[in-house]
Amino acid sequence: MVRVSVVGGSGYTGAILAKLIAQHPHLQLSGLYVSPGSADRDRLLSSLYPELIGIVDLPLQGLDLDALTQADAVCLATDHAVSAELAPKLLAQGVVVFDLSGAHRFRDPSLLPQFYGFEHPVPACLSGAVYGLAEHAEQALSDASLIAVPGCYPTASLLALMPLKVNGLIAHDGVPVINAVSGVSGAGRKAALNTSFCQVSLTPYGVLGHRHQPEIESQLDHPVVFTPHLGAFKRGILATITVPMAEGVGETEVRAAYGCYDTAGKVHLLPQGEWPKVDDVAGSDRCLLAWKLDSQRRILVVASAIDNLMKGAASQALQCILIRFGLGVSA
Ligand SMILES: NC(=O)C1=CN([C@@H]2O[C@H](COP(=O)(O)OP(=O)(O)OC[C@H]3O[C@@H](n4cnc5c(N)ncnc54)[C@H](OP(=O)(O)O)[C@@H]3O)[C@@H](O)[C@H]2O)C=CC1
Ligand SMILES: CC(=O)N[C@@H](CCC(=O)OP(=O)(O)O)C(=O)O
């Protein structure tokens, strides 16, 4: 059994990850942690989330580094700055770290102050982190000690764009345009005025400055325009992406590129003419993709839907854990 603890266990992503770990036959949920002063400290996770009664009845303990180092792996479902503080300390004790925050997704440490507003206490960590886009990182994950679990919008976007990029199908001088809508759970469990139900409508935010734009660009090695939107629903992300295509690309090439998802992993192509909906993925660990090509105008529109809390965070973290510990890809 691989012993896995979760820091931030009371949060939206942490609680789901705790459930996924507890339900896996080869993983043992060895502890759940919150901040030392948390209002939820010592409560059972199942008292916060009654759907977990009988599934995860562990208490939420105050953060305890010594106890954490008893685990084989620790998942940090915490704020970016908290993850940046904790990860180096855990790595120094030989614990494998899966960070669900954005603290370790850039190789270049100078991007952190610019997009996250803080400096990493041990910037050298960033060069050793493996970006855990599970379907595209199996080999690198197999011996990683620090895994940066991708952001929710980048997961939806990169699963759609990566096969096009690696096959040279995106126009060299063209810029894919990503318009993505997220449910409100993307903002986490803590209440805030702009994410309270009566305030939420449908609106863009973070225009030309959201931290996920450089995350997508650095992984894709290609510029993009990324515009997130907040929608009045709980769970899910739908990214609709307009891609300028290289000359001469036809449906055969596009179909062949997406063939990388035929055999394993959590990405599924819909039949031609069907488009994904967020309701089709809410609560699921899958990404649904669909595309249409206008070869004359060299434009591809691809739509990608995921659950932000699952494939966009917790279930992707589980995929990374399973690959890292040789427990198979959870296809
Ligand atoms: N929500 C989403 O869709 C996604 C979120 N992420 C990322 O995952 C991380 C977690 O997100 P989410 O679950 O939404 O966040 P939440 O706000 O729902 O949960 C945060 C958790 O961290 C705990 N926490 C806060 N401060 C500390 C601390 N100092 N030490 C230990 N625990 C602490 C909180 O408990 P308490 O405050 O009571 O201590 C809570 O359990 C974030 O970095 C987020 O950006 C990534 C992809 C998608
Ligand atoms: C709706 C909403 O607020 N979404 C969050 C993104 C989700 C998230 O937590 O970001 P990471 O994936 O980088 O960890 C945001 O735009 O900040």
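Just so you know, ligand 1 is whichever comes first in the structure, and atom 1 is the first atom listed for that ligand.
Contact atoms of ligand 2 toward Leu230: 1 (C) (distance under 4.0 Å to a heavy atom of the residue). Taking every heavy atom of Ala313 and a limit of under 4.0 angstrom, the matching atoms of ligand 1 come to 47 (C), 48 (C). Near His210, meaning under 4.0 Å from one of its heavy atoms, ligand 2 places the atoms 15 (C), 16 (O), 17 (O). Atoms of ligand 2 found under 4.0 Å from any heavy atom of Tyr205, numbered from 1 in the order shown, are 1 (C), 2 (C), 3 (O), 4 (N), 15 (C), 16 (O). Listed by number with element, the atoms of ligand 1 under 4.0 angstrom from any heavy atom of Asn308 are 3 (O), 48 (C). Close contacts of ligand 1 with Gly188, meaning ligand atoms under 4.0 Å from a residue heavy atom, involve 14 (O), 18 (O). For ligand 1, the atoms lying closer than 4.0 Å to a non-hydrogen atom of Gly312 are 47 (C), 48 (C). Atom numbering of ligand 2 starts at 1 in the shown order; those under 4.0 Å from a heavy atom of Gly183 are 1 (C). Interface of Arg189 with ligand 1, defined as ligand atoms under 4.0 Å from a residue heavy atom, comprises 16 (P), 17 (O), 18 (O). Short contacts between ligand 1 and Leu309, defined as distances under 4.0 Å to a heavy atom of the residue, involve ligand atoms 1 (N), 2 (C), 3 (O). Near Leu100, the atoms of ligand 1 lying under 4.0 angstrom from a non-hydrogen atom of the residue are 6 (N), 7 (C), 8 (O), 46 (C). Counting the atoms of ligand 1 from 1 in the order shown, those under 4.0 Å from a heavy atom of Ser101 are 43 (O). Within the listing of ligand 2, atoms 12 (O) sit less than 4.0 angstrom from a heavy atom of Gly151.
For Tyr153, no nitrogen or oxygen atom sits less than 3.5 Å from a nitrogen or oxygen atom of ligand 2, counting backbone and side chain alike. The shortest N/O to N/O separation between Ser185 and ligand 1 falls below 3.5 Å. Geometrically, ligand 1 and Lys190 share a nitrogen or oxygen pair separated by less than 3.5 Å. The shortest N/O to N/O separation between Arg211 and ligand 1 does not fall below 3.5 Å. Residue-to-ligand polar distances keep Ser182 apart from ligand 2: every N/O pair is separated by 3.5 Å or more. Note: an N/O pair closer than 3.5 Å links Gly11 and ligand 1 by distance alone. Of the N or O atoms in His212, one or more lie within a sub-3.5 Å distance of an N or O in ligand 2.
A centroid separation of less than 6.0 Å is found between the aromatic rings of Tyr261 and His136. For an aromatic pair to be called close, the ring centres must be under 6.0 Å apart, and Phe118 with His80 fails this.
At least one heavy atom of Arg105 sits less than 4.0 Å from an atom of ligand 2. Within the structure, ligand 1 has Gly186 among the residues with a heavy atom less than 4.0 angstrom away. Residue-ligand proximity: Cys152 is placed with a non-hydrogen atom under 4.0 Å from ligand 2.
Considering CG of Leu309 and CG of Leu17, their distance stands at 11.5 Å, rounded to 0.5 Å. Put simply, CZ on Arg43 and CG on Leu32 are 13.5 Å apart, with the number rounded to the nearest 0.5 Å. Leu126 CG to Asp108 CG: the interatomic distance, rounded to the nearest 0.5 Å, is 8.5 Å. Separation of atoms CG (Leu60) and CZ (Arg41) is listed at 11.0 Å; rounding is to 0.5 Å.
Among all protein heavy atoms, the one lying closest to atom 41 (O) of ligand 1 is Ser10 OG, 2.6 Å. In terms of protein heavy-atom proximity, atom 10 (O) of ligand 2 is closest to Arg211 NH2, 2.7 Å. Closest to atom 38 (O) of ligand 1, if we only count protein heavy atoms, is Ser38 OG, 2.6 Å. Looking at atom 27 (C) of ligand 1, its nearest protein heavy atom turns out to be Ser35 CB, 3.5 Å.
Annotation for Glu119: atom CD does not count as buried by contact number, only 12 or fewer foreign heavy atoms lying within 6.0 Å. Residue Glu51 qualifies as enclosed at atom CD: its count of foreign heavy atoms under 6.0 Å is above 12. Surrounding NZ of Lys165 are more than 12 heavy atoms belonging to other residues, nucleotides or ligands, all under 6.0 Å away. The neighbour count for Leu208 CG, taken as heavy atoms of other residues, nucleotides or ligands under 6.0 Å away, does not exceed 12. Atom CZ of Arg286 has 12 or fewer heavy atoms from other residues, nucleotides or ligands within 6.0 Å. Shown here is Gln272, whose CD atom has more than 12 heavy atoms of other residues, nucleotides or ligands within 6.0 Å.
When Pro150, Gly206, Gly186, Ala180 are checked for heavy-atom proximity to atom 9 (O) of ligand 2, Gly186 turns out nearest.
Using a 30° and 60° split on the angle between ring planes, His104 and His120 fall in the perpendicular class, above 60°.
Under 4.0 angstrom from ligand 1, the non-hydrogen atoms of Val82 all belong to its side chain. The part of Val7 lying near ligand 1 is the side chain, judged by heavy-atom distances below 4.0 Å. Under 4.0 Å from ligand 2, not a single heavy atom of Glu215 appears.
Annotation for Leu44 and Pro59: closest pair CD2-N, 3.8 Å, computed over non-hydrogen atoms.
With hydrogens and angles left out, the side-chain atoms of Glu215 and Tyr131 include a donor and acceptor closer than 3.5 Å.
For atom 25 (C) of ligand 1, no protein non-hydrogen atom is found at a distance below 4.0 Å.
At a threshold of 4.0 Å, the pair Lys190-Asp79 does not count as salt-bridged, since none of the basic side-chain nitrogens sits closer than that to a carboxylate oxygen.
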